[in-house]
Visitor: 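Sending over a structure as structure tokens; questions will come in a sec.
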Amino acid sequence: FFFQAEDGIRDYKVTGVQTCALPIYRAPSDGPSNTLANAMPTAFRDGGNGLPYAGITGIDPADIGNTSQLLDTITHEMGHAFGFIPTAAVFSRWFAGSTFTGPNALREYTTAFNVTATGVPLQANVLAHWDETVFGNELMTPTTTGAPEYISRITIGALQDMGYTVDYSAAEPYARPRVMTGPLTAATGVAIVSAFPTVSTPTASSQPARQPAVAARPVPAVAITAEG
């Protein structure tokens, strides 16, 4: 979904191509419509300070039949495996309280939301997702209602801040929610790092308003290659 790379897993020092091994496995089940999946990077380049070269994703078998949200769920978890997680230095180096201050993500956030800000709001305390109350149906928020979710230019900007070469033209048609349940800026707080972020299905009443559903959604085409 994300990586543009040669087939197979090859040593980037030999081929010049940095790839990421990402097995997807059957995770322990907590029943349908609870925790859908989980993911994390498991190995990093440059002594732990670089981009991941290996990760793992688990899918709850009780939810795998829900094809309306399976693609978004897997794509979301791949984002975590590629480093969108507070245990990855390439991501956490941009933290300021409960915000992400990478210049590319911040530029796209202030443009899309027409606000002045010093950071992009993250999920308070956990810091493994964008703030659900601000971003609604953006792909990298922590919960889903099953409606389509979108890879925005904000997430693509964050990937660029992490060190990837990205293609902004592959962003999906995301717009700020019409109704938001939270502020446009996140409060500064003490980070409680979650090493195993998940996306789960909440009750509809806890969600901000979603954009209209798209009848047929193609496979995301955000192509990124890792820089050396």
Side-chain angles (χ1 to χ4, degrees), residues 33-39 63 68-69 72-73 75-80 83-88 91-92 94-159 161-162 171-214 217 220:
S33 299
N34 290 301
T35 299
L36 304 180
N38 50 53
D63 295 298
S68 65
Q69 63 189 21
D72 283 341
T73 297
T75 308
H76 171 107
E77 298 303 337
M78 291 176 73
H80 287 315
F84 197 111
I85 182 173
T87 52
F91 188 61
S92 63
W94 298 110
F95 288 175
S98 292
T99 67
F100 181 87
T101 63
N104 295 294
L106 180 58
R107 178 194 65 243
E108 297 301 331
Y109 167 63
T110 56
T111 299
F113 282 73
N114 191 27
V115 296
T116 299
T118 58
V120 185
L122 291 165
Q123 179 187 13
N125 297 322
V126 177
L127 307 181
H129 306 93
W130 301 133
D131 187 336
E132 182 89 43
T133 63
V134 173
F135 289 97
N137 62 348
E138 214 282 338
L139 181 73
M140 293 309 295
T141 55
T143 61
T144 181
T145 59
E149 297 186 314
Y150 303 98
I151 303 171
S152 71
R153 291 176 63 93
I154 303 165
T155 291
I156 297 175
L159 291 167
D161 291 327
M162 290 161 59
E172 296 179 304
Y174 171 80
R176 61 181 283 183
R178 295 191 181 97
V179 176
M180 291 179 293
T181 60
L184 289 178
T185 57
T188 300
V190 177
I192 302 174
V193 174
S194 170
F196 216 58
T198 60
V199 55
S200 58
T201 304
T203 59
S205 62
S206 68
Q207 293 297 298
R210 299 294 195 177
Q211 300 299 314
V214 177
R217 182 168 182 259

Visitor: Given 3.5 Å as the limit, does a donor-acceptor pair link the side chain of Thr155 with the main chain of Ile151, or not?
Guide: no

Visitor: Locate the shortest heavy-atom distance separating Ala105 from Trp130; write the atom from each residue and the value.
Guide: CB-CH2, 4.4 Å

Visitor: Centre-to-centre under 6.0 Å for Phe113 and Phe135, is that the case here?
Guide: yes

Visitor: Could you tell me which residues satisfy side-chain contact (heavy atoms from CB on, under 4.5 Å) with Thr101, sequence neighbours excluded, listed by chain and number?
Guide: Trp94, Ala96, Thr99

Visitor: How many angstroms lie between CG in Leu106 and CD1 in Ile154, if you round to the nearest 0.5 Å?
Guide: 10.0 Å

Visitor: May I ask you to decide if Glu149's main-chain N or O and Asp72's side chain share a donor-acceptor pair within less than 3.5 Å?
Guide: yes

Visitor: Verify the ring-centre separation between Phe84 and Phe100: is it less than 6.0 angstrom?
Guide: no

Visitor: Who passes side chain to side chain donor-acceptor pair (under 3.5 Å) against Asp161, sequence neighbours left out?
Guide: Asn104

Visitor: Looking only at the side chains, is there a donor atom on one of Glu108 and Ser152 sitting less than 3.5 Å from an acceptor on the other?
Guide: no

Visitor: Between Leu139 and Thr75, which heavy-atom pair has the shortest distance, and what is it?
Guide: CD2-CG2, 3.7 Å

Visitor: Please tell me if the side chains of His80 and Met140 come closer than 4.5 Å, counting only heavy atoms from C-beta onward.
Guide: yes

Visitor: Check Glu132 against Thr143 and note the closest heavy-atom contact, atom names and distance.
Guide: OE1-OG1, 2.7 Å

Visitor: Can you see which heavy atom on Thr73 is nearest to which on Ala37, and at what distance?
Guide: CG2-CB, 3.6 Å

Visitor: Looking only at heavy atoms, which two atoms of Tyr174 and Val134 are closest? And how far apart?
Guide: OH-O, 4.4 Å

Visitor: Minimum heavy-atom separation for Phe91 to Gly83, with atom names?
Guide: CB-O, 3.2 Å

